[in-house]
Each structure stands twice: as C-alpha cells, then as structure tokens.
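Below is one structure, written out as structure tokens; the observations come after it.
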There are 2 protein chains.
Amino acid sequence: MTTKDTIIKLASDLILEKGFNAFSFYDLSEKMGIKTASIHYHFPSKTDLGIAVIRQQSESFIALQAATESKDALSKLEAFFSIYIRHKSQGKVCLVGSLCTDLYSLDPAIEKELKPVVEGILQWVTDILKEGKRKGVFHFSAAPRTKALLLITNMLGILQVSRITGKTDFNEVRTALLKELKTKKE
Amino acid sequence: MTTKDTIIKLASDLILEKGFNAFSFYDLSEKMGIKTASIHYHFPSKTDLGIAVIRQQSESFIALQAATESKDALSKLEAFFSIYIRHKSQGKVCLVGSLCTDLYSLDPAIEKELKPVVEGILQWVTDILKEGKRKGVFHFSAAPRTKALLLITNMLGILQVSRITGKTDFNEVRTALLKELKTKKE
DNA sequence: TCTTGCCTATCTACTAGTAGGTAAGTATAT
DNA sequence: ATATACTTACCTACTAGTAGATAGGCAAGA
C-alpha cells in the first residue's frame, strides 16, 4: 500500500471513529512515523484529504455493487448490510453519518463530494428493494425510495445509538429489518 | 433568561448545527458580547458545558413526556416526532446523533451523562408503542423496544441524511412511519 | 447609618498547546 | 536532471484554560 493510500485509510478510520473535526494531521503523522508536512505533500489541505476519503469509500461501494450485480435481491441487501456490520465490529459509525453531523462546519467542497455518493447509495438500495418486491421476496408498502431511506437511516442511526445502548442492539435492529422485509402482509 | 441559560442555549444550538468539536468558547463569547473567561466562570470546562446542555435537553424531554402523559398513544408519538420536526426546521440534527458520532473523541463524562438520557428516551418510545399496540392503534410485529430503536434511528438518521438529500425527505420518512404504524397487517 | 466584607459576574492579560499550512532544502530513483 | 517523497524549520491562528483585578450588590455588625 502506498503512503497516500495509508493516509486515506488512517484518516478514514479516524473520521469514522472520532469525527472529522477530532482528528489532525499530527494524529496521522504519529501513527505513520512521518511528519505532518509530508502529509501535506500528498494532500495540500485537510479538505483534500476528506474528499479523498469520500472517493475511496464511494469506490468500495461501487465495487460491492458490481460484485453482487448478478445475485438475488436478498444477497444484495445482505451485502449492503455487511458494510455496517464491519463498521460496527470496529466501533465505527458510517461516513455519511459522521460527515453529515459535522457538515455545516466543513468546507462546502465536502458536501459537494458527498452528495452524489449518498444519492448513489440511495439509488442502489432503492433498486434492490424494487427488484425484491418484483420477485416477491420483499414485502413493503411505502415507496421504494422511501423504504430505502428508512433502511439506510436505521443502519446509520443504530451504528451511532448502539455506542450508548450496547452493541447487541445493532444485530437486533438488523435482524428485525430483514425479518420484516421478508414477511408477507395483508 | 440568565447568562448561564443563554450560554447553554447557544452551545446547544452550535452542537446541533456544527458538532461539539466545531464550536469554541470564542464563538459563544462573540455571540453574547462577553469574554471567554466569563463563560469559564459559569462552566469551568467545555465538558461541564456539554453536560449542562445534555441535562437541559433531558429536562425538556421529561417535560414533554409529562405534558402528554394523559394523552393517547398517537398523540404521544406525534409529540415525540415534534422534537425532530423542530430540529429539522432549523437545519439541526439531534443531540444524541451529534454527540454519538463524536463520542470517542469526548471526555468520558459526556458519555456517562448521555447514557441515561438515551435509555430514558428509548423507554418512553417503547412504552408509547406498547400502549398503542394494546389499544389497537399501532400495528407492528417486532419487539416494542426493537421497534422503538427503529423509529428513533429513523428520525435521528433522516435529520442527518436529509441535509444532503433534501429537506422534503424528512417529511416523507415521518409520514411513512406513521402510516405504517397505523396500518393493520395479516 | 456607616462600614466591613463577602459574593457574583465580569474584565484584562496571559499561558501552553495544537491546529492547518508553507517554504526551502535533501535524498533517492529513474 | 528531473520528479518523487520526504525533512527541517517555521508561521499564523486558534484552542481551552488560568490568574488577578474590578465593580456592583447585599447583608451583618458596630
């Protein structure tokens, strides 16, 4: 892994663990054994680094999307959930949640970079739900996009709230969501 | 309103708007026309101020709970939602969401103060759901506490996500949640 | 009714530390 | 010899927090 990639990885970890405003170039420099000025060589500003983190996360989302393209709707949804499972196991929140709470304290370029990513994720989940409903494996009454918003906010929210209420609540919520989606109504 | 109360109010606003780590005593001092040292007189440390903000929010939660005690379950749930509606109208996120994303960068005293508040809210919503189900006005299959977690994370999450996807998504989600709860299944 | 003295709330002035960022120089590898 | 990746050394701005002074209000005692 190149230095640049290592910086992105560590910055990403810190953003998801402590928030964008709570990590510094010094934190990174200590962990990497290089000077803060060297990080500035790769990323002129903290905003640039933030943007790189968003892009990297976006790419890994798109890769997951591509990798599960030919699978069934349930597998796709489980793949989507797997991202949050991994985050939870490390005590992290998700990038969207972390950046959105700090959004109005950040450079507008961050918001600009984040927006298409969020819209992409929302579209992906919406499509998964539509497909699942069409094939009769998912059952829900709200509009697919609305239902996608509900699922996303549940996962995003429980990553945060379960830091307080306890880790087991994460699985409680995830399981309930899957069960509810699979249950036929009326 | 006393100076102390004004500080709490403004600090609260800033935390919900920009996050705990993005506001400073200087921000408050500028808005109030007093010096930072004067704020330190009322709140020795930033953590002390954070704790005061949590206590104030907790009290207003408890007051709302008390004020709606004799009402029906639907009214209670709408009262619960009204908190988020007010926050959304001001572009804010909720205190729990804001503090949880930054939690691991904050003084442990913050977590200690926040925990019973979150548990209180969760208990309140759980009780509302139980009552609604018993009286036949709410319909859901998950355990009441789990369903409460789902509702809370939906509201907490949509406050954050709709900063990016657009304000209207907040109402979309809120309306869908109420409709789904009121709809009888099977 | 003075006066003494404490309490509250603020100020000025300061500290030590950290933040993000820059400029100029160095070693290395192609 | 040029680009890459880094260093040293620095700057400016801001952070939370402290010390000591001040001015007004209140209350008890001579």
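Throughout, protein chains are lettered first and strands after them, A, B, ... in sequence-line order, and every chain is numbered starting at 1.
To the nearest 0.5 Å, the span separating CD1 on Ile128(A) from CZ on Phe80(A) amounts to 7.5 Å.
Contact annotation: Thr3(A) side-chain N/O to dC6(D) OP1/OP2 distance is under 4.0 Å.
A single hydrophobic cluster is seen to contain both Ile85(A) and Ile152(A), as judged by linkage of ILVMFWY side chains at heavy-atom distances under 4.5 Å, directly or through other members.
A salt bridge does not link Asp72(B) with Lys76(B): none of the charged nitrogens is closer than 4.0 Å to a carboxylate oxygen. A salt bridge links Lys135(A) with Glu131(A): the distance from a Lys NZ or Arg NE/NH1/NH2 to an Asp or Glu carboxylate oxygen falls below 4.0 Å.
Judged by a 6.0 Å distance limit and a 45° cone about the ring axis, Arg163(B) is positioned over the six-membered ring of Tyr104(A). For the pair Lys35(B) and Tyr26(B), the cation does not sit on the ring face, since its NZ or CZ is not both under 6.0 Å from the ring centre and inside 45° of the axis. Relative to the six-membered ring of Phe138(A), Lys130(A) misses at least one condition, a distance below 6.0 Å or an angle of at most 45° to the axis. Figure legend: Lys4(B) and Phe43(B) shown as a cation-pi pair, the cationic atom lying under 6.0 angstrom from the six-membered ring centre and within 45 degrees of its axis.
Only at 4.0 angstrom or more do the heavy atoms of residues 18-28 of chain B sit from any atom of DNA chain C, so none qualifies. Annotation: proximity of residues 33-55 of chain B to DNA chain C (heavy atom, distance under 4.0 Å) is found for Gly33(B), Ile34(B), Lys35(B), Ala37(B), Ser38(B), Tyr41(B), His42(B), numbered in ascending order.
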